[in-house]
Student: 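Just dropping this structure here.
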Amino acid sequence: MPSSSSRLPVNLLWTVIAAIGAFTVASIALQRGETINSLWIIVAAICVYALGYRFYSAFIAAKVLMLDAGRATPAERFDDGRDFMPTHKWVVFGHHFAAIAGPGPLIGPTLAAQFGYLPGTLWILIGAVLGGCVQDFVTLFFSVRRDGRSLGQMAKDELGAIGGGAAMVGVMMIMVILIAVLGLVVVNAMKHSPWATSTVAATIPIAVLMGLYLHNLRPGRVAEATLIGVSLLIFAVVGGGWIDENPTLRAWFDYDAPQLAVMVILYGFAAAVLPVWLLLAPRDYLSTFMKLGTIAALAVAIVVLRPDLKMPALTQFVDGSGPIFGGKLFPFVFITIACGAISGFHSLIASGTTPKLLANETDARFIGYGAMMMESFVAIMAMIAASVLEPGVYFAINSPAGIVGANAADAVAKISSWGFPVGVEQMQRLAQTMGESTLFARTGGAPSLAVGMANLFAQVFGANMLAAWYHFAIMFEALFILTTLDAGTRVARFMLQDMLGNFGIGAGQTNHYASIILTSGAVVAAWGYFLYMGTIDPLGGINSLWPLFGIANQMLAAIALCVGTTILVKSDKLKYVWVTALPLSWLIVVTSSAAWEKLFSADLRIGFLSHAEDLSAKLQAGTLSADMAGKAPHLIFNDYLNAGLTGLFMLITWLLLGDTLRVVYCVIAGKDYPRSSESAHIPSRLVENWVRD
């Protein structure tokens, strides 16, 4: 056992890190009237993450979960070389991070910047360390202890049929909303942008070429396929500029939002029914390669440039009058920034593929807690990239035409009246340097994030390539969104087939091609409806769909924490139940408050029901324009449907919470309850250093 004198330098080091972290966080939170350098946020984040991982995750691993390195994992016990396979921890980490780190940590912080940089930054740091990382860690651990079972199955085993059924319904609905929102972000990034559309379109044949190369032409030659794929991706970005400058070719790729929505829907269907090696697998691989490289380059650019944050710490829109989306700081900042702080979607991965690959139970801390921490850091960099833009430019890009006006002069006048000056010529010059015809009303977060990233990249890696950097950033974002979209569609198809199979319906046969087509069509039709309706929404679609996505995603996190809390109590860990119960309680408050606001708020930009009633009254009175009158019936129906889904999400959340409290009461009172489904302890036989490393 190390002596106190030998531990003194280590203790001193962590004391210094804690002091630096406390000082930087306090400085960011309390600074007023002066600009903040972005490096302060980077230092604060690194210190908070280091302390959280070193101490809090170690406490959970040793005291709460009691990880056992000598216990055989499902990967060892059920090794089949296909789904279950002991895998090196770094490979599993890479897989897990690539699977959980979709566009959420990029888009959510960008949208939430309308409140200022401070609320989102604090929530990303605190929410991840105490909530998101904990959820991912405990869900992965409990799945490993239960033969790699899914979250829905664990809910059914630990809570009973009612809780399990509610969990499965909730997960299915969340997938539909998630995919629709991601599709809308892609569409808003590409509409009337031939450069972006042609570049993103080129990634599809590139992925197919890689699939054919690896499957038929040169099996196993991954390095060769990687070189070809990455080279073609770079060429696609450059070629997009040539297409944009050619009047004939430009017309081939110039589409409005509804047209692009149809194309994305068709792509999602094709990706769900085609063999996985032909499109899905090579696209995932390309996306992972590009993401790691781009995030690393963004981190380097921020550290080298150390740009000042131009967005205020707090804006006047904390009162709920924000142009990008309606709603006050509480609760909407907490559901707008979902994936960067806590994401229920992660629990599907932590109870899906990852527990089937874990060779050593103790690696659950590094992979579960650590990968989420890395994603949170991506969210911090996205917040910085959005906040270094001039606020007027940020709001001009992200504010929908329905709020600021369709005319450029009206838009800049409206935005300038908020105290964020911006000019028409300024926006025109910016659009030209980015290779776009306009950047006004490009809602969804992706275009403004691309502008911020392009400015940072250009200053470090080449100022004369600003337009290329912008479209590279658009391609980078779209690649990951489409990857999540097509993978999510396939996962949702599996879930629907499983649900139908439980009722003995033929469409539940996962290996039947007719079943694949029918269930894929049903899933695509579900999210495709929300996507298309979002494109014709005069408020930009993101105003209603992103909060709905945030509520759904946080609800899924609450489901995972309900399961974790129940298992802790069953495992005689009642004194540690606060580890999961505290973030669960917070999520219940946030989700319920947001759902209530979206249902019953009198603000037309927030409440689904009030907006539907107002639109119905105007339609009957004949005060709507001809174009709006044609869209009104669809928008009214969409409002009522969104309200119904929000009510369903809230009902499921409280049903799961009630079932959790029931089981916890039964355990404490000594009454009958569903017994723990943890598998028996079997000693590990793995001895290879590369596995048990």
Student: Kindly say whether the aromatic ring centers of F325 and F317 come within a distance under 6.0 Å.
Tutor: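 Ring-ring flag for F325/F317: false, centres at least 6.0 Å apart.
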
Student: Name all residues meeting the side-chain contact (heavy atoms from CB on, under 4.5 Å) criterion together with F330; count only those two or more places apart in sequence or in a different chain, and write none if there are none.
Tutor: F334, W586, V589, V590, S593

Student: Quick one: which residue pairs count as a ring-ring contact (aromatic ring centres under 6.0 Å, His included) with a foot in residues 353-376, not counting sequence neighbours?
Tutor: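 Those involving residues 353-376 are W90-F366, F93-F366.
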
Student: Are the side chain of S143 and the backbone N or O of R149 linked by a donor-acceptor pair below 3.5 Å?
Tutor: yes

Student: Would you please name every residue forming a side-chain contact (heavy atoms from CB on, under 4.5 Å) with S347, sequence neighbours left out?
Tutor: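 So S347 forms a side-chain contact (heavy atoms from CB on, under 4.5 Å) with Q135, T139, L151, L556, A560.
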
Student: What pairs with R365 under salt bridge (charged side-chain N to carboxylate O under 4.0 Å, His left out), at least two apart in sequence or on another chain?
Tutor: none

Student: Answer whether the closest heavy-atom distance between the side chains of V577 and L574 falls below 4.5 Å.
Tutor: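 Yes, at least one pair of side-chain atoms sits under 4.5 Å.
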
Student: Within this structure, what is the CZ-CG distance for the pair F461 and L456, rounded to the nearest 0.5 Å?
Tutor: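 Taking CZ in F461 and CG in L456, the distance rounds to 9.5 Å.
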
Student: Report the C-alpha distance between T591 and I335 in whole Å, list the side-chain angles of each, state the deciding distance to 0.1 Å, and finish with yes or no for side chain to side chain contact (heavy atoms under 4.5 Å, CB included).
Tutor: CA-CA 8 Å; T591 304; I335 63 170; 5.6 Å; no

Student: What heavy-atom pair brings M383 and Y117 nearest, and what distance separates the two atoms?
Tutor: SD-CA, 4.0 Å

Student: Step through the shown structure and confirm whether more than 12 heavy atoms of other residues, nucleotides or ligands are within 6.0 Å of CZ on F23.
Tutor: no

Student: Could you pull out the closest heavy-atom pair between A386 and Y394, with the gap in Å?
Tutor: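 Closest approach of A386 to Y394: O-CD1, 4.2 Å.
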
Student: Quick check: closest heavy atoms across L357 and A75, and the distance to 0.1 Å?
Tutor: C-CB, 3.8 Å

Student: In Å and rounded to the nearest 0.5 Å, what is the CD1 to CE distance from I588 to M555?
Tutor: 10.0 Å

Student: For I126, give me all partners under side-chain contact (heavy atoms from CB on, under 4.5 Å), at least two apart in sequence or on another chain.
Tutor: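 Partners of I126 by the side-chain contact (heavy atoms from CB on, under 4.5 Å) criterion, ordered by chain and then number, come out as L130.
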
Student: Looking at C47 and G21, what are the two nearest heavy atoms and their distance?
Tutor: CB-CA, 3.5 Å

Student: Once side chain to side chain donor-acceptor pair (under 3.5 Å) is applied, what residue pairs with a partner in residues 553-572 remain, sequence neighbours excluded?
Tutor: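 Output for this query lists E158-K570, S343-N553, T565-T580.
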
Student: Any side-chain heavy-atom pair from V388 and L309 closer than 4.5 angstrom?
Tutor: yes

Student: Please step through side chain to side chain contact (heavy atoms under 4.5 Å, CB included) for the pair L568 and F142, ending with a clear verdict.
Tutor: CA-CA 10 Å; L568 283 179; F142 288 139; 3.9 Å; yes

Student: Are the side chain of T24 and the backbone of I20 linked by a donor-acceptor contact shorter than 3.5 Å?
Tutor: yes

Student: Could you work out, with side chain to side chain donor-acceptor pair (under 3.5 Å) as the rule, every residue matching S376, not counting sequence neighbours?
Tutor: Y49

Student: Only counting residues at least two apart or in another chain, list the ones meeting salt bridge (charged side-chain N to carboxylate O under 4.0 Å, His left out) with K573.
Tutor: none

Student: Which residues pass the salt bridge (charged side-chain N to carboxylate O under 4.0 Å, His left out) test with K310, sequence neighbours left out?
Tutor: E390

Student: Calculate, to the nearest 0.5 Å, the distance between atoms CD1 and CZ belonging to I42 and R306 respectively.
Tutor: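 I42 CD1 to R306 CZ: 12.0 Å, rounded to 0.5 Å.
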
Student: Atom CG of L656 and atom CD1 of I559: how far apart are they, to the nearest 0.5 Å?
Tutor: 4.5 Å

Student: Test of understanding: with side chain to side chain donor-acceptor pair (under 3.5 Å), list the residues that count as partners of S448, not counting sequence neighbours.
Tutor: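 By the side chain to side chain donor-acceptor pair (under 3.5 Å) rule, S448 matches N398.
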
Student: I'd like to know if the side chain of E375 reaches the main chain of A371, judged simply by a donor and an acceptor atom lying under 3.5 Å from each other, with no hydrogens or angles considered.
Tutor: no

Student: For the side chain of T362 and the backbone of N360, is there at least one donor-acceptor N/O pair under 3.5 Å apart?
Tutor: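 Side chain of T362 to backbone of N360: no pair is present.
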
Student: Is the shortest side-chain heavy-atom distance between I60 and F137 below 4.5 Å?
Tutor: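 Of all side-chain heavy-atom pairs linking F137 with I60, at least one is under 4.5 Å.
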
Student: Take F97 and I349 through the test side chain to side chain contact (heavy atoms under 4.5 Å, CB included) and record every step on the way to the result.
Tutor: CA-CA 10 Å; F97 176 73; I349 307 301; over 6 Å; no

Student: Taking all atoms of both residues into account, what is the closest heavy-atom pair of P391 and P312, and its distance?
Tutor: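 So the minimum-distance heavy-atom pair works out to CG-CD, 4.2 Å.
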
Student: Does L122 have any side-chain contact (heavy atoms from CB on, under 4.5 Å) partners at least two apart in sequence or in another chain, and if so, which?
Tutor: V25, L118

Student: Distance-only, no hydrogens or angles: does the W40 side chain make a donor-acceptor pair with backbone N or O of S27 under 3.5 Å?
Tutor: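 Not a single qualifying donor-acceptor pair exists.
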
Student: Going by heavy atoms in the side chains, are V318 and V333 under 4.5 Å from each other?
Tutor: no

Student: If we only count heavy atoms from C-beta on, is the K356 to P74 side-chain gap below 4.5 Å?
Tutor: no

Student: Quick one: closest heavy-atom pair of A128 and M372, and the distance?
Tutor: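 Closest heavy-atom pair between A128 and M372: CB-CE, 4.3 Å.
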
Student: Indicate, with yes or no, if the rings of Y576 and F59 have centres closer together than 6.0 Å.
Tutor: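 Y576 vs F59: aromatic centres under 6.0 Å.
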
Student: Under a 3.5 Å distance rule, please check whether Q114 uses its side chain to pair with a backbone N or O of I324 as donor and acceptor.
Tutor: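 Answer holds: yes.
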
Student: Do Q459 and W469 come within less than 4.5 Å of each other through their side chains, counting heavy atoms only?
Tutor: no

Student: Show me, pair by pair, the donor-acceptor contacts under 3.5 angstrom made by side chains of residues 297-304, not counting sequence neighbours?
Tutor:
none

Student: Distance check, rounded to the nearest 0.5 Å: L389 atom CG versus I397 atom CD1?
Tutor: 6.0 Å

Student: Would you mind reporting whether S684 and T73 have side-chain heavy atoms less than 4.5 Å apart?
Tutor: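 With C-beta onward as the side chain, the pair stays apart.
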
Student: With side chain to side chain contact (heavy atoms under 4.5 Å, CB included) as the test, would you mind laying out the steps for I567 and R146 before giving the verdict?
Tutor: CA-CA 11 Å; I567 294 175; R146 284 155 182 78; 3.3 Å; yes

Student: Can you tell me how far the CZ atom of R54 sits from the CH2 atom of W14, to the nearest 0.5 Å?
Tutor: 6.5 Å

Student: When you measure from the side chain of S38 to the backbone of P307, do you find a donor-acceptor pair of N or O atoms at a distance under 3.5 Å?
Tutor: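 It does hold such a pair.
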
Student: Do F141 and L67 have side chains that get closer than 4.5 Å, going by heavy atoms?
Tutor: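 Yes, close enough: below the 4.5 Å cut-off.
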
